Amino acid sequence: MENIIEVKHLSYRYGKEQRPALNDVSFDVHRGEWLAIVGHNGSGKSTLAKSLDGLLPFTEGTVTVDGLELSPATVWQVREKIGMIFQNPDNQFVGATVEDDVAFGLENRQVTREDMIPRVKAAIEEVGMHDFAQREPSSLSGGQKQRVALAGIVAITPSILILDEATSMLDPLGRHDMLELVSKLRRDQKLTVISITHDIDEAANADRILVIDDGQLVQEASPAEIFALGEKLVDLGLDLPFTAKLKAALKKRGIEPPTNYQTMAEMEEWLWQSLSNT
Amino acid sequence: MSNFIFGRYLPLNSVVHRLDPRAKLMLSFFYIVLVFMANNLVTYGILIVFTLAAIFASKISLGFFLKGIRPLLWLIVFTVVLQLLFSPAGGHVYFHWAFINITQYGVVNSGYIFIRFLLIIMMSTLLTLSTQPLDIATGLSSLMKPLRWVHVPVDTLAMMLSIALRFVPTLMDEATKIMNAQRARGVDFGEGGLFKQAKSLIPLMVPLFMSAFNRAEDLSTAMEARGYQDSEHRSQYRILTWQKRDTVTWIIFIIGFAAILAFRRW
């Protein structure tokens, strides 16, 4: 399979700190795949994401994006190919209204206004925000703001989308909608997706999962292999699904829940039944 | 804060709302010139009719404008009283004691000052009530464009202004949250003497500033990731278009100007 991103021996150190935030990390991203990168807070996964977009000047190693080696001379060309969504929905909303924000990336690329108008409109429609085009960010929910951020990326048609904990500040419903939208955009726009995440559902969407710990790549596996680890998932920096957390808490109190995987509704049903029996 | 009308936008659909913000900004300045040109009953009469007509055209109820005057009432009263008591002698003297003179000239003048204040506040309230802050910012930066010739970074200033406006509600929300959190920890806001009140603001300002700096850092990263290099080499999505109604409004104002020139006491 063709590689769209190749990372070789990447290291990064913040300021004068002794411990490197990234330590000799090498991996490839295949064109069109969905790659999840998981790890604890402070494991270096966000640093890694920012390095791919040239937002942090890494000290050693090379990053090649779509055949271009990242350097101060090529950084703006590389950024043409990558769209990035960050964690806080408010802190990446630049424009005064939805429309203005979607247009921001196009304005930076000096697209003419005649070209911009249809592209902005199409991008807003693509993410299902056409009823909100004139709205100001303060009247939008976190999930809606992240959709607008996605529209801003759709408008500039990159080939890679990086989600840097983009769903971590959303409520469960907003998170679900966002992931569904990313899946749709990935199909429609033939995007390669890299998602940095704690969220198990987001990681489950991936074709491949990389586990980072203490600035180093410690594991590479398919979601099925990773999820087979059960409660050890927490050690990798992933949040357990709510039902798994509940089961663990019940076990601690000496209540034996069913061991097979359960959805939220099944768990609720089981809880109701066992509670009414006593 | 909530009854402070000046600086708030009232979304309605009227001719005044639809005017080009550049036209409105320039007309507001021009209007102030008109107000200072007026100096007798007829010219002030013309201005009052003018102002009421503009308010009527905006579909905003007069009550909003009266509310807009309220916070400035003391300033107006102070100026009017000063004018009334200390005008130079002129005309009939009604009252004289030590250095205080109430003269015919003083009474008439303070009346005019009162009307001037009222008119200017009403018109500027009309500007802010009928124009979104964002449009005012766009209008201002568009009017400042000639300053590029003297190397003023107009585009950067416009970008800063627009981002500042966009973050006002975000930071207001944040301030409310922090205040509530600090109240839960036992801080009294707005209680006690001036010194104590100022001191109680510290647990609000410190976290607010810290978060604002973090936001600024995040925002600059996000802007860079979205291809922002500098403000000069960008195209514009939001543009203003001068329309027939803007020209028509200008013509009306110029007719008003001519009328005031014709009727004022020279």
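Everything numeric here is computed off the predicted structure, so don't read it as measured data. A note on names: the letters A, B, ... follow the listed sequences, proteins ahead of strands, and every chain is numbered from 1.
Shown here are the side chain to side chain donor-acceptor pair (under 3.5 Å) partners of B/Trp250, two or more places apart in sequence or in another chain: there are none.
Around CZ of B/Phe56, the count of heavy atoms belonging to other residues, nucleotides or ligands within 6.0 Å does not exceed 12.
Side-chain atoms of A/Val94 and B/Arg166, non-hydrogen and from C-beta on, never get closer than 4.5 Å to each other. By the 4.5 Å heavy-atom criterion applied to side chains, A/Glu107 and B/Tyr228 are not counted as neighbours. When side chains are defined from C-beta on, B/Tyr237 does not count as touching A/Leu106, because their heavy atoms never get closer than 4.5 Å. Residues B/Gln132 and A/Glu136 are in side-chain contact: their nearest non-hydrogen atoms beyond the backbone lie under 4.5 Å apart.
With values rounded to the nearest 0.5 angstrom, A/Ser138 atom OG is found 10.5 Å from B/Met172 atom CE. B/Met223 contributes atom CE, which lies 12.5 Å from atom CG of A/Asn91 (distance to the nearest 0.5 angstrom). One distance of note links CZ of A/Phe86 with CG of B/Leu219; it measures 10.5 Å at 0.5 Å rounding. Here the CZ atom belonging to B/Arg226 is positioned 7.5 Å from the CD1 atom belonging to A/Ile153, to the nearest 0.5 angstrom.
Proximity to chain B (any heavy atom under 4.5 Å) is shown, for A/Glu99, by both the backbone and the side chain. Interface remark: A/Val120 contributes side-chain atoms only to the contact with chain B (heavy atom separation under 4.5 Å). Neither the backbone nor the side chain of B/Glu217 comes within contact range of chain A, judged by heavy atoms closer than 4.5 Å. Both the backbone and the side chain of A/Asp90 come within contact range of chain B, judged by heavy atoms closer than 4.5 Å.
Chosen from B/Leu165, B/Thr221, B/Asp173, B/Asn214, the residue pairing most often with chain A at heavy-atom distances under 4.5 Å is B/Thr221. In terms of heavy-atom pairs under 4.5 Å with chain B, the best-connected choice from A/Lys50, A/Arg113, A/Met116 is A/Arg113. Note: B/Ser235 leads B/Ser235, B/Ala222, B/Gly227 in heavy-atom pairs under 4.5 Å with chain A. Ranked by heavy-atom pairs shorter than 4.5 Å toward chain B, the options A/Asp100, A/Asp53, A/Thr112 are led by A/Asp100.
Counting only distance, with no hydrogens or angles, the side chain of A/Gln110 and the backbone of B/His233 share a donor-acceptor pair below 3.5 Å.
In summary, A/Arg79 and B/Glu224 engage in a salt bridge, as defined by a charged side-chain N under 4.0 Å from a carboxylate O.
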